[in-house]
Each structure stands twice: as C-alpha cells, then as structure tokens.
Protein chains: 2
Amino acid sequence: MNSSAGSKRVTLAQVAEQAGVSVMTASYTYNQPDRVSEQARSKVLAAASQLGYAGPDPSARSLRRGSTRTLGVVMGEHLSYAFEDPEAVSFLAGIADVCADRGYGMTILPITGAADDVPRITAAAVDGFIVWTTSDDDPVLAAVRAMKRPAVVHGGPAVRGMELVSIDNRAAARAVGAVAFAGAGRPAVVSFPLSRARISTITSGGDITEVLFPVTRERLEGYRQAAEGAGIAWRDVVIAVCARNDAAEAERVAATLLASAEPPDAIAAMSDQQAAGVVHAARAAGRAIPDDLAVTGWDDAAVAERLGLTTVAQSLREQGAACAHAALGEKPNAQTASWSIVRRGSTRQ
Amino acid sequence: MNSSAGSKRVTLAQVAEQAGVSVMTASYTYNQPDRVSEQARSKVLAAASQLGYAGPDPSARSLRRGSTRTLGVVMGEHLSYAFEDPEAVSFLAGIADVCADRGYGMTILPITGAADDVPRITAAAVDGFIVWTTSDDDPVLAAVRAMKRPAVVHGGPAVRGMELVSIDNRAAARAVGAVAFAGAGRPAVVSFPLSRARISTITSGGDITEVLFPVTRERLEGYRQAAEGAGIAWRDVVIAVCARNDAAEAERVAATLLASAEPPDAIAAMSDQQAAGVVHAARAAGRAIPDDLAVTGWDDAAVAERLGLTTVAQSLREQGAACAHAALGEKPNAQTASWSIVRRGSTRQ
DNA sequence: CTGTTAGCGCTTTCAG
DNA sequence: CTGAAAGCGCTAACAG
C-alpha cells in the first residue's frame, strides 16, 4: 500500500497492465466484481494498491455512464441564508436522507442573485435539480429547465416540465388566518418579501396578484380570504413586508405597528421566526397575548412550541425527501404535501 | 429558443455544424468569448438556442480539464445529523461563503458509518475534500487521502498530508474548566461520545488516551487539568458520555447525576446544546445556578446567550471558510483558529 | 469469465 | 481570429 506521493494520476489502464489483465477486467473488478474470477480480482487490487490507485476517475465515469449520481439543490439568493433558516435546513436534511440511502451526493449550488447564476446552473454536474421556492421571474428556473434533467420546485412557482412539491399555501393561510383574526378588529400581516428586490414596507392590503413569490402570494390571498371572512376589508389590513425571514426584523416592524395610533389586535406572520419577533415586541410594548394581540406563525418549529404559538404545521423534511425522489425521477405524480393547524395559546380561539 | 422536448442530448459539435463554424469556435464561444469574433459568437449562440443547447456538458468538461469546480464535504455518520447540529450548519455556511465567491459548488457526501462509505468517497467528483471532525480510526480519512487531492480536516484528527483547521481544544477546555470548577467540590463533565460506537455511559475519570475522537480527547484532557488545578483528582470526576450532541440526552443524564447520592456541583459540557439540557435538568431538580451548580457550555451559540451560559466562543463559520480555502489549495498557512472564554452568570466566577 | 472495439463530449495543444 | 488533431479515463456492447 505504498505510493510515490504527489505522483501523477494513475489510470485503470496502468493498473490493468501491472496486473497482467485487460483493462476491462480491471474495470469489472470495480463495477461488477462478480463477473471477475477471484484470482484476477486479487491481482487487480494488488496492482491498484501498489500503484496507489484509488478507483475509477469519477469524471470519466460520469461522462461514460451519462450519470453523475449527484443531485443539485438550488437554495436561492445568498447560499449562506440557506443555512440560517431552520426550515430550509430541515428541507436539506430530508434531501440528505434520500441521497444517503441511494448513495447519491448532493451538490449545493451557489446562487448569488446576480447574473452569473445561470452559468453556474449550467455548469453543474448533476442528474437532477431541486429548486427551493423562488419568484416567478427567477432566471434560474429557465436555466434549470434548459438542462433537460428531472427537476422539481419546492413551494413554487409551478413550471411546465418541472414537478412541484408544496402544501396548499392558500388554504393553510385561510385556515390559520381565520384563527388569528377571530374576534379581531384590526388584523395585520407580517409578510415575506413581495419581489426579489426584498424591499421592506408597511402598506395596506394591496394588489396581491402583483406579488412575484408564489408562496407569499398564495398566503396573502389566504389571509385576505380569512380577513374578509371575519368581516374586514382587505384594504384595511396592514401588511408589513420584511426583507428577510428573521425574528429581529419582525420584532422591529411589529414594534412600529404596535406604537401606531391604531395598533393591530391580531398579527398573522409567515414564519415562526417572524412570529417570535412579534411576540417579543408585544411583550416589550406591554401587550397581553392573545387578549390584546393574537399572533400566529408558520411551520411549527421548535420556537412555536416554546412560545405557545398557534401555527401551520408542515414537514419540510418530508417535502425535502419528496423533492429528492422527484429529482431522481422516482415519483411520477405531483406531490401535494399535508399541513395542519396547531392551536396554542397565542390566539383567542 | 425552441427545442423538441425530451430530445437526445445536443452536443457542441452539432451546434458548431448548425452555426457553420468549427467545433473549437463553438467551444471558445463558451470558454474564451474574447477569442471569437462577434459574428461567429452570435452565430454559435443562435444555433445553440435553436437546438436547445444549454452549454458544454459538465462531466465532459471536468474530464478534459481535470477539475470539477466542486468541493466535497464529509459530514460524518448520518448525514442528516449535520443539519441538526447548529454549529455544523454554521460551518457549512462558512464553506458556502467561499464556494459562492469562487463559483464552486459544494457536494455534501453522504456518509452512513457503514462499510460503503469508502466507495462513496472514491466516487466523489470533487477537487478537494473537507472532513468534519471524526475519530482516529475513521476509514474515511484514508479514503480521502488516497484521492490525492487537497484535503483538510476540521477539528481532528491530524492526518499527514491533510491540513488541519481547529482551535486548541485542550487549552480552551482547561480555561473554561477552570471557571466551571472554581469553588466546586464535585465537578462533572458531560461529554461527546468516546468512540464511533457512540455508547452512553456514566463513569469516573478514565483513561483519556483511549478516547478515539481527538476533539473529545483534547477537551477531556483540558478538563482533567482544570480539575487537578482545582485540587480534585481526575478519578473523582464523573464523566457522563452522551451518544449524541443534543439537549434532550444531556438533560436526562444530568437529571440522573443530580438525583444521585453525591450530586455534582459543577458540570462542564462539550456544547451549548448539552449545557442547555443541564440547565433544564437543574431547574427541574430545584438547583440554583450557579450557587448549587455551575454550568459551562461550548461554542457560544444563541442558546448560550439566552441562558446566560459561560462558554467557549469560537467561529465555526470562519473555520468553515478556512477549510474551504485549504481545500481549494489556497491555504497559505496552517490554521489555528482563535477562541475565547465568555463569562456569564452560569458560573461562580 | 475475459477481451476488443468504439466512443462518451469536450478542450488542450499546435498550426494556420 | 479559426481550425485539425489528439486524447482526458473510462465502460457499454458485443464477441470469444
């Protein structure tokens, strides 16, 4: 098991020669050991370890086989955000479960939101793509589709030729919104960004159809229906748009809302992180939950249980696994994932 | 921009023919656009979009260039644990930062702890490897080294021919142990596993040299020195070994310790997660912190600040970035990362 | 069980 | 600025 350190790459042909067999016998030794006699196999392995051959070159093998045994995951602008969002991390874990089981690798594709995203997609040596929820106008979608490999979008948008794995965000928002807004007079929504520009604003119920993130759009639509079901006009519902999905920004914006002349008495957020920020702002402002302010989150993360948040439960991990199956070409039918409302003490119902 | 959906893969040669240029002109159009006339380039791009050619095949390109522009990350047994440990996630984010900047992908390699790990390493189409802290006897290390590509281990063990990025765990443990054990009579340690078998046990200060995880070994050695510095023999220090790094198991084991005839009055843990579990157990047992029980964590995670834990601060994100640089072959100097003690209310000093 | 042939799709020479 | 040749390292397909 020695090797001249730093040596040039050893090839299968050299191993075969050293072992005194044909290249194919050497190849079979690695790929179909059963087809090779015990004797030949041990000669090949001896030659390999003598030469310091670690096994067939992965790139050459991929080229020849036409398959890389790797799945590509596009996590959206700023790759490192992916690892800051606990739900995104659960989703990755679900993909990892399936990949580990199949012996596949998973390549995280570094998307920056800039123009060079497309060449990066194009350059990815993967057998299939999984795209984390994005906007209708994201050029990454066309780039992925152009690769002509199995592809799946999580959340949305729905793209022809790509699978979609998602819950029914509108129905879930309608359901949790109904709980959040029950008995409220001035409901508000803390929202994810409306476009890839990620601008923070506070508006009143605007034109939902203009929202470019389909997941956000569907949830707003569900909240709208919930508000109207509670007898409140959508134009009277304050929408606080946060640039990012984190507790800190939500806390700031909630503090602003609560300090206004007509503070909200119910806030439906789009994540438990955001809802946690709202809860902190409410405490700081001396508001009682749920009597002065009802709050709902989304995802049923650990923090939701800790804070007693009413929320929408869904399994990002299972959805990640479903996406992996789709990207492997194993799932023929579209996946509608399940969700449920978890009622806790942060709402009046 | 049309294409017969589901068509066979289009090659660069076909594009070149369609454009009426040589294959090399087409290739240059993608790789060195400056070397191609405006006219030729637009003919090539027109032909490409007409044929639905998405760009050079990544596998073929990797084979020819001898480089995949991808880094491999080995996260240790059970890939999905990687995503459950917030510090591991920070580490990944640090790698992601560098990869995104360089236009590299990062492939997470699915390690299961079983025998098929080695072939999976061998099959990885990557330019360099980053190995998350593991045990001395992990066969993955030899497999990575056999690949003869730039490789770096985070934490440990130190392996000849591979870089090491780590803090000085022994010194840090000695320092935080000194704070934890100050004024204590019966110190205890809540430890990570001692071997890859991941067995939970409660013992008293045993033979540290037998511990197979070097990070754990170094920390135990530091705690030993701290205990002896406080006048306590190592054999009198209770070591509670947890199979996994989570709050729940630490809480259970701490509850057991606190219910014993001679309960500890100081517990040094190996992570903030574990320390959080200890704090919960102490509260449940009606112990005051730090008067009845001093507690220290490790990593200075968010939970450490929330609970007021004295802990060891280190930046896994920076260490991830340092590993990425090393795996890219950019490493100027061996990396010894920095750490510091953060004193909060969970200790007597 | 073993071997021969024929490329996978691309880009590095090296010449125009 | 453009092109012809050569072959990266490997394995599917088909003989023996």
Side-chain angles (χ1 to χ4, degrees), chain A residues 7-45 47-48 51-69 119 122-127 147-149, chain B residues 7-45 47-48 51-69 119 122-127 147-149:
Chain A
S7 55
K8 258 296 87 354
R9 177 156 282 105
V10 183
T11 69
L12 191 57
Q14 290 168 42
V15 172
E17 185 180 1
Q18 170 87 8
V21 299
S22 78
V23 189
M24 278 322 296
T25 300
S27 177
Y28 290 141
T29 300
Y30 289 97
N31 296 300
Q32 304 175 53
D34 296 342
R35 276 182 70 168
V36 175
S37 68
E38 172 59 43
Q39 193 186 15
R41 180 169 45 209
S42 60
K43 275 195 294 183
V44 170
L45 294 177
L51 297 173
Y53 180 74
D57 179 85
S59 293
R61 185 188 276 215
S62 295
L63 173 59
R64 184 61 244 225
R65 293 210 281 221
S67 152
T68 59
R69 313 246 165 139
T122 303
V126 300
D127 291 348
M147 296 300 280
K148 294 177 183 164
R149 286 172 173 68
Chain B
S7 54
K8 241 349 351 54
R9 177 158 282 106
V10 183
T11 70
L12 191 56
Q14 290 168 41
V15 171
E17 184 180 0
Q18 170 89 8
V21 299
S22 78
V23 187
M24 278 323 298
T25 299
S27 177
Y28 288 141
T29 299
Y30 288 97
N31 296 300
Q32 305 175 53
D34 297 343
R35 278 182 67 168
V36 174
S37 67
E38 171 59 41
Q39 195 188 12
R41 179 170 45 211
S42 60
K43 275 195 295 186
V44 170
L45 294 178
L51 297 173
Y53 180 72
D57 179 84
S59 293
R61 189 193 282 228
S62 294
L63 173 59
R64 189 57 247 231
R65 292 211 280 222
S67 152
T68 60
R69 313 246 166 139
T122 302
V126 299
D127 291 347
M147 295 301 277
K148 296 179 184 164
R149 286 170 174 69

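All chains are named by letter (A, B, ...) in the order of the sequence lines, taking the proteins before the strands, and each is independently numbered beginning at 1. Values below: all heavy atoms of this structure, side chains included; hydrogens, waters and symmetry mates excluded.
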### Task
Indicate whether OP1 or OP2 belonging to D:dT2 is found under 4.0 Å from a side-chain N or O atom of B:Ser37.
yes
### Task
Over all heavy atoms of both residues, which pair between B:Ala26 and B:Val21 is shortest? Give the atoms and the distance, please.
N-CG2, 4.3 Å
### A:Ala47 to A:Gln18 - nearest heavy-atom pair and separation
CB-CG, 3.4 Å
## Note on the structure
One should read off an interatomic distance between A:Ser67 OG and A:Arg149 CZ, to the nearest 0.5 angstrom, of 9.5 Å
### Query
Out of D:dC8, D:dT11, C:dT11, which nucleotide sits closest to the side chain of B:Leu63?
D:dC8
### Task
Kindly compute the distance separating CD (A:Gln14) from CG (A:Leu51), expressed to the nearest 0.5 Å.
7.0 Å
### Message
Can you see if the side chain of B:Tyr53 gets near the phosphate of C:dC10 - specifically, an N or O under 4.0 Å from OP1 or OP2?
### Response
yes
### Task
Mind listing the closest non-hydrogen atom pair of A:Thr68 and B:Ser59 along with its distance?
CG2-OG, 3.6 Å
### Task
State which of C:dG9, C:dT2, D:dC10 makes the closest approach to the side chain of A:Thr11.
D:dC10
### Task
Kindly point out which of D:dT2, C:dT11, C:dG9 is positioned nearest to the side chain of B:Ala40?
D:dT2
### Taking every non-hydrogen atom, the tightest pair across B:Gly52 and A:Lys148
O-NZ, 3.2 Å
### Query
Can you tell me how far C1' of D:dG7 sits from CG of A:Asp57, to the nearest Å?
14 Å
### Message
Restricting to non-hydrogen atoms, name the atom on B:Tyr28 and the atom on B:Val36 that form the minimum distance, rounded to 0.1 Å.
### Response
CB-CG2, 3.3 Å
### Given A:Arg35, A:Gln39, A:Arg41, the one that forms side-chain contact (heavy atoms from CB on, under 4.5 Å) with A:Ser37
A:Gln39
Between N or O atoms, less than 3.5 Å apart, protein on one side and nucleotides 12-16 of chain D on the other: list the pairs.
{"unit_1": "D:dA12", "atom_1": "O4'", "unit_2": "A:Arg64", "atom_2": "NH2", "d": "3.4"}

### Query
B:Ser27 side chain N/O closer than 4.0 Å to the phosphate oxygens (OP1, OP2) of C:dC10?
no
### Query
Which residues within residues 15-23 of chain B lie with some heavy atom under 4.0 Å of an atom in DNA chain C?
B:Val23
### Task
Grab the CG-C1' distance between A:Leu12 and D:dG9 for me, whole Å please.
8 Å
### Message
When you compare the side chains of A:Thr25 and A:Ser22, does any donor N or O come within less than 3.5 Å of an acceptor on the partner?
### Response
yes
